[in-house]
Structure formats: C-alpha cells, structure tokens
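The structure under discussion appears below in the form of structure tokens.
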Protein chains: 2
Amino acid sequence: MTEQGANQQPHKPVTMQEIADRCGVNKNTVSLALRSDPRVAVATAHRILAVAEEMGYNPLYNDAARRLALRKSGKRIINQVVALFYEGNFTHHRYYAEIFDGLSEVCTLTDFQILLVPRSFDAQGKRLIREFKTLPPIFSRGDIDGAILIDDMRFSKVPHLLFREPSFRACPVMSLLWPAPGCSSVLTDDEQGGYLSVRHLLALGHRHILHCWGPESHLGHYLAKQRVLGYRRAYQEAGLDPEQYLHATVVEPYLSAYENVARRIQDACRQGVPFTAVLAQNDTGAGYARQALAELGLRVPQDVSLIGFDDTEPLLDDARQNMLTTVHLPLVDVGREGAKLLLGRIRGEIAEDTSITLPVELIVRGSTGPPAR
Amino acid sequence: MTEQGANQQPHKPVTMQEIADRCGVNKNTVSLALRSDPRVAVATAHRILAVAEEMGYNPLYNDAARRLALRKSGKRIINQVVALFYEGNFTHHRYYAEIFDGLSEVCTLTDFQILLVPRSFDAQGKRLIREFKTLPPIFSRGDIDGAILIDDMRFSKVPHLLFREPSFRACPVMSLLWPAPGCSSVLTDDEQGGYLSVRHLLALGHRHILHCWGPESHLGHYLAKQRVLGYRRAYQEAGLDPEQYLHATVVEPYLSAYENVARRIQDACRQGVPFTAVLAQNDTGAGYARQALAELGLRVPQDVSLIGFDDTEPLLDDARQNMLTTVHLPLVDVGREGAKLLLGRIRGEIAEDTSITLPVELIVRGSTGPPAR
DNA sequence: TTGTATGCGTTATCAA
DNA sequence: TTGATAACGCATACAA
C-alpha cells in the first residue's frame, strides 16, 4: 500500500520560516523560541509565540520534518499511542473487559490512545482468520510508544516480533497476568488465591478436596501451577500432607470445558475419592461443577462445597442471588496498574522493567459450608 | 509532550543512498526502482531490488522523509489506521460489542488497525472523566486515514473537531446507526422493525398497543421516531387509524429506565387504556416491562403480548429458554459494512459518501400471542 | 542573543 | 534510461 488517499486539498500548514519572516528574525530563532529555549531573549520569544499563535502554527502539522531532523541526534518523539495485543475476545468475556476498562481509564486520563492489535478472530470470535506473522506498519514507522500483552500473547510470536523490530525494540512492553522476559508485568496473586481457598475449606472441616481444571491454555497452565502452590501451603500450614488430601484432575484437551469438569467429578465419585469440596478453575467452571454434581444427586453446599475463581460471573441460587464463594481478582486494577507502569516507562520516569503482583481476596458466599460426611 | 522516550540505541536504518552506492547507480534510480517505476531498466531494477532486500531495506523506516518529500506534490500516504470514536461502553453492552466485532473482523482482514478514542468514562463506565475538546495529536500528525462514529458521537463535538482539523478534514468519516452530514453511514431499518412488530400484533388480533420508551439519548430519540413511522404504516396498511390505537408514552428523564417503563404501564392501566400488547424500546426494556406487568398481575403472553428490539438479550422463561419475540438487528453486519465502506472510501475505490440501510427481521418467540380480551 | 550553514532521506524536475 | 540538483521543514553545531 503506497500513496494517494481519497484526499484533495493538501492542507498547506504554516512553517517556521513564515513566522520568522513576519517577525523579521531567522527561522531557527523561531525554532528555539517555540521550544522555549532560554537562549532566546524574552521579548523576542514573546513576539514569536504571539505571531505563531496568530498564524495558527501547529508543530504537529510538520511532524515529519521534525522526525527527520531528529534522526541525526537520535532522539525520539513520544507518539502518545500504545498498542494492545489481545486474543480477540475481550468484548465477550468480563475477565478481559475489566482489564481493558482499567487500561482505558488510565490511558484516557493521560492522553494516550490505544491501538488495537487483535489476534485475528472473526466476528463470532470462533474462527482464527489470521495469525500474527508481521507487525502492522505503524510499528515500523516508529509511531508506537509501547505495547501491552494480555493472555497467551506472551506465548505467541508477538514478543519476538516486537523485540526484532528495529523501530520498536527500544520501547517498553507490559505483560499482563503473567511474567515475561524483557517485559514489565502486572500479575494477580493466584498462589494466595489458592491458599485462601483451601485455608477456608480446612477451617470449615474439609480435608479431601478436588481440584478441577478445564482444558489448558498456556496462561491457564501457569495459573494452575501457582494456585496449587497455594493449596499446598494451606495444607502444610495446617499440619496436613497435601499429597494425601489434594486430588488433582487430568485434563483431556479433546473434551469441552464442561465435559472435562463433569468427567473428573464422575470419575472421582466412581473411584471413591472421599472429596467434600471442589475447587473450580474459574466461576464458569464452578457453574459446570454445580451442574455435574447435581446430575450425581449432590447439592451445593449441603453435600459438596464449591469455590470459584475470578469473581466475574455469578452462580445464581433459587432467589437469583449470587451464591458463589470465589476468589476476587482486581482485574480493573491489573489494567490500571499495567497502564501506569507502561506509561511511566515510556516517559522515562521508570528506568527498569518492573513486575508487581496484586493481592486477591476470598469472597465467602453460600457455596461453601461445613462438610456433610 | 515532546521528545525523549526511554530509548537508547537509535536504530540506523538502511537508506537509498547506501543501496545506490552498492549498485553503482544514482540514489534516485533506486527510488524509482523501489516504486517499480517502468522508466528504470529491468536489469537495473532487478539488481537494485535484490541488493535492497539483502541489505534489509524497509521503506517504512524512513517514512518521515517520504512524508516530507511528498508534501510538495500534495500526496498522502495511507497509514492503515482508522479511529473509532465511541461512548466508552462497548465492553459492557452486547449491542456495541457486536458492532465492534464486525468492525474488527473487516479491519483485521484488510490489515487496518483500529485506534480507540473513547468518550472518557472511568473503568466502571459511570463517571465521565473528560469530554472531547481536542483531537488526540495523532490526528494532527496526519496518521489517521478515517474515522468511525458510534452512537451519540454524531451529536458530540467530534464531527466538528474532525472537519476542522486540517490534517484530517479530507478523510472520510463513517457514522454508524444514524445518518450524519458529511459522513457515510450504515443504518438499521428501524422503520421496518416497527412495521413488522405492529403487523405481527395486528395479525394476531391486537388493536390497542402501548409503545414504551425509556430515557432518551439523541440516538434513542432518532430511532424512536423511525419506529413510530413503521408502527403507523402497519396500522394504515390494515385500514386502522394509528392515532386511535397506538398509545405512546411520555418519558421522564429523571426516572430510571425501569421506572419509566413501570410507570407508563401502571398509568395506562389506571387510565383504563385497553392495551393488549407492549412494544419495548429494546430487549432490556422488555425485561422491565414483563416485571412491571407481573407486579400488576398480568402475564406474558397470556394477558399481554410483548415485543422487544435488538435481539441481543434473552428474556428467559421458566425453562430458561429465550421467550422474547423481538426485532433482530444485523449489528455485526453494521460493523462489517461500516468498515468496508470506510475502507473503500479511504482507498479511493468509493468516490462519494454512501449511506446504506440494513434489513431487520422479526423473530417470533413465545412472548406474543392472541389477545385475551 | 541571533544568524549561517548543513544534514535528515525522500521525491520531483530537468538535463543528459 | 539515468544522473545531477533542488525542494520538503526542522534541528543543531558553529560562527558572529
């Protein structure tokens, strides 16, 4: 793609030379004055600024010239644009929507714009219509100041492409939800979330707990490992051997998310695993678990306690109230803090890549109670 | 905001001069060859292209120079970036999410990126944190090829800002959902939606119909007028006087959306309006209406028939199935067609601003039936 | 404190 | 078909 838009009148902007002529000074005095360089006499500067204002001078109109000139000294202009790489599903999942809202809020307040770079799904979010193979041209032009990666982006080719792109590789990158080499990151404390869940169940008197995991993404695998560490910590803190009481499930990728949950629960029952509580992968998974348990005649929480994760989706009881005990994730803050850190790096206020982990909270509702047996 | 990012190594890209030196030709022969100008000899061109490839030449790296040079002849480079102006709520409403999905799909397939320019709400989407007063700098730099306006954007200052901005005003603008002067547009046929709704009710035997409208936005007001035209057409086609049978409601802006619906229905009952069917503003409004009717002891559809609009939100019956008769809007296609038209304008394939109206469809489910009285 | 000269990498005009 | 030269508008080193 080259030149020629549907454009006519090619807008001829005011130049420094024209201001200089009107002021009877040299154009580079104008250049200095407009950048409020102290070397210019106050009176001259004042006059120049007034004339520039009056003539409608806007430095952005001649940005190409500035960029060209600036190459000699190796300086860069801040574009006030960051790119957001995502899976193509943030309109459909509250989980991503909340993170996006946080990003958007901070970017808006700081006059940065977000450029979307979706992993290419069709409008239904089902069919992958194109994988990342190259970066959009705007990156090569050097018009992007930084990048934000959500979800499995860390495991895509995107980081490689970004670090390889000469026009971008000096720019900071923010990886949300999990750490990535060469990036800053904002994480949720899933280990703590796991710990809080099991501690809660142990305090209620539960011992044997089923850890129910759905089909894996790269991110899901990482998070599962974190949470299991937390589960173990809670058992150990209570003087119990996690190996004896914690029952993990094996994931079968060819099954649907629901079937994975249902099968694991059915298998556990059939094998006589004496579990009295289920830890779901997330709130959706908790819904699957309740359904699967119901089909086995098991009620929540009377027969089995159930804990979700994320706190993005309610599990409704008969009174249409959310009954799900779950781990609340500060997803909006993940977005907010991610944006803040990235913009700090871009502005040079933060020198090094920085990683922070945000605390999570266990919300106790009705889906957990003392064990029946 | 001026220079100096957090950047170090200032990436020194290959220039045409360097290629020319290696090939023993003049740099402007290289310039012509790289743009595959027929004036350069085939053999020379081939050699130059090979060397450029080998040296890793990328025209995008020196885009600033190209833009500067191109100013003389008044040409413009296509940036492959369009701006999306929106209300800050498309992550929270399926209505907007579907339009966005359509936009995103087409942009992805055509290698265009979307730059988000939200009307500035905070992360909860509640508090307006900043109104549009100026365009982001990227517009003044001339790095945007076109703009898309959703929802009330048409009535904001945005069109004014766009048409006033010298670096943008020659670019095409797409207004979605309603027409706007100086813009292309993609609309839904709300008049037809209104017509189909009333025709369906009349065919079932209904006569007196309550038209229930919630608090108004500019867009809402426009759409309401369209639909009322359709209602009238259906009555007239049946040889009935709409003035006698169509009962519009007065909106009270200080009431919530639910209260507006509930009050109107209560008032109509109290005043003895013999309505047997309700036309809601949208599916959410239909939910409100069912609730308000239930509080008056009226069941849907036995006592009152109910029709929604949009087909974005189910009204669940006891079996958790969607029972709502509603007008399905092709929202994804609004996004798709909007993007296609805009990109066509940008590429110069479409010369004039174009307006299209997409057909809607009445989906008959369980919320409508013959009148009881 | 201000003016002069040069370069940034490209495109375009005009000769050769 | 190719080469020389002049913009494009700004920043900067250096001279005045």
Side-chain angles (χ1 to χ4, degrees), chain A residues 2-4 10-21 23-48 52 55-77 140-142 166-167, chain B residues 2-4 10-21 23-48 52 55-77 140-142 166-167:
Chain A
T2 54
E3 33 254 73
Q4 202 53 292
H11 162 228
K12 188 82 173 99
V14 180
T15 69
M16 291 188 177
Q17 183 62 64
E18 294 168 26
I19 300 175
D21 293 346
C23 292
V25 299
N26 189 280
K27 67 171 175 175
N28 85 49
T29 304
V30 174
S31 173
L32 293 174
L34 288 175
R35 285 174 290 160
S36 36
D37 189 297
R39 285 173 292 181
V40 176
V42 187
T44 322
H46 230 250
R47 193 158 39 100
I48 291 174
M55 298 179 74
Y57 179 80
N58 184 339
L60 291 172
Y61 294 157
N62 300 316
D63 203 60
R66 176 168 304 102
R67 280 165 194 266
L68 188 58
L70 245 23
R71 293 180 76 123
K72 201 161 27 169
S73 59
K75 285 189 188 163
R76 260 185 83 117
I77 291 181
S140 303
R141 293 202 298 262
S167 302
Chain B
T2 54
E3 34 254 74
Q4 201 53 292
H11 163 227
K12 188 83 172 97
V14 180
T15 69
M16 291 188 176
Q17 184 61 64
E18 291 168 28
I19 299 175
D21 293 346
C23 292
V25 298
N26 189 281
K27 67 173 175 174
N28 88 47
T29 305
V30 174
S31 174
L32 293 174
L34 288 175
R35 284 174 289 159
S36 36
D37 189 298
R39 285 174 292 182
V40 52
V42 187
T44 322
H46 230 250
R47 193 158 40 101
I48 291 174
M55 298 178 73
Y57 178 81
N58 185 339
L60 291 171
Y61 294 156
N62 300 317
D63 204 59
R66 176 167 306 103
R67 282 165 192 265
L68 187 58
L70 246 25
R71 295 181 76 119
K72 203 164 20 172
S73 58
K75 285 190 190 162
R76 259 185 85 117
I77 291 182
S140 304
R141 293 202 297 263
S167 302

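Please read these numbers as outputs of a predicted model, since none were measured by experiment. Naming: A, B, ... by sequence-line order, numbering from 1 per chain.
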Q.
Is it the case that the side chain of B:Arg66 and the backbone of B:Pro59 share a donor-acceptor pair, with hydrogens and angles ignored and the cut-off at 3.5 Å?
A. yes

**Q.** Any donor-acceptor N/O pair, B:Asn58 side chain to B:Val14 backbone, under 3.5 Å
**A.** no

Q. A:Lys75 NZ to D:dA11 P: how many Å, rounded?
A. 9 Å

Q. What nucleotide among C:dT11, C:dG7, D:dT2 has an atom nearest to a side-chain atom of B:Met16?
A. C:dT11

**Q.** Interatomic distance where CG belongs to A:Leu70 and C1' belongs to D:dG9 [whole Å]
**A.** 12 Å

Q.
It should be established whether B:Ser73 places a side-chain nitrogen or oxygen under 4.0 Å from OP1 or OP2 of nucleotide C:dA12.
A. yes

Q) Expressed in angstrom and rounded to an integer, what is the separation of B:Leu32 atom CG from D:dT2 atom P? A) 9 Å

(Q) Determine whether a donor-acceptor pair (N or O, by modelled atom type, separation under 3.5 Å) exists between the side chain of A:Arg35 and the backbone of A:Ser31. (A) yes

Q. Out of D:dG3, D:dT12, C:dG7, which nucleotide sits closest to the side chain of A:Lys72?
A. C:dG7

Q. What is the distance from CZ of B:Arg66 to P of C:dC8, rounded to the nearest Å?
A. 17 Å

Q. Does the side chain of A:Tyr57 get closer than 4.0 angstrom to OP1 or OP2 of D:dC10 through an N or O atom?
A. yes

(Q) Counting only side-chain heavy atoms from C-beta out, which of D:dT2, D:dG3, D:dC10 sits nearest to B:Ala41? (A) D:dT2

Q) How many Å lie between CG on A:Asp37 and P on D:dA13, as a whole number? A) 11 Å

Q) Which heavy atom of B:Ser140 sits nearest a heavy atom of B:Ser167, and at what distance? A) O-OG, 2.7 Å

Q) According to a strict under-4.0 Å criterion, is B:Ser31 in side-chain N/O contact with OP1 or OP2 of C:dT11? A) yes

Q.
Side chain of B:Asn28 only, heavy atoms from C-beta on: which candidate in D:dG9, D:dA13, C:dT13 is closest?
A. C:dT13

Q: Grab the CZ-C1' distance between B:Arg47 and D:dT1 for me, whole Å please.
A: 13 Å

(Q) So, applying side-chain contact (heavy atoms from CB on, under 4.5 Å) with A:Leu32, which one of A:Asn28, A:Val30, A:Thr29 is it? (A) A:Asn28

Q: Would you indicate, yes or no, if D:dT2 has its OP1 or OP2 atom less than 4.0 angstrom from a side-chain nitrogen or oxygen of B:Thr44?
A: yes

Q.
Does D:dT12 have its OP1 or OP2 closer than 4.0 Å to a side-chain nitrogen or oxygen of A:Arg35?
A. yes

Q. To the nearest angstrom, how far is B:Leu68 atom CG from D:dC8 atom C1'?
A. 4 Å

Q: For A:Asn26, report the nucleic acid contact type (base, sugar-phosphate, nothing); a contact means any heavy atom under 4.0 Å.
A: base

Q: Give the rounded distance in Å between these two atoms: CZ of A:Arg141 and P of C:dT10.
A: 16 Å

Q | Short side-chain N/O contact from A:Tyr61 to OP1 or OP2 of D:dC8, under 4.0 Å | A | no

Q) With respect to the side chain of A:Ala69, which nucleotide from D:dA11, C:dT11, C:dG9 is positioned closest? A) D:dA11

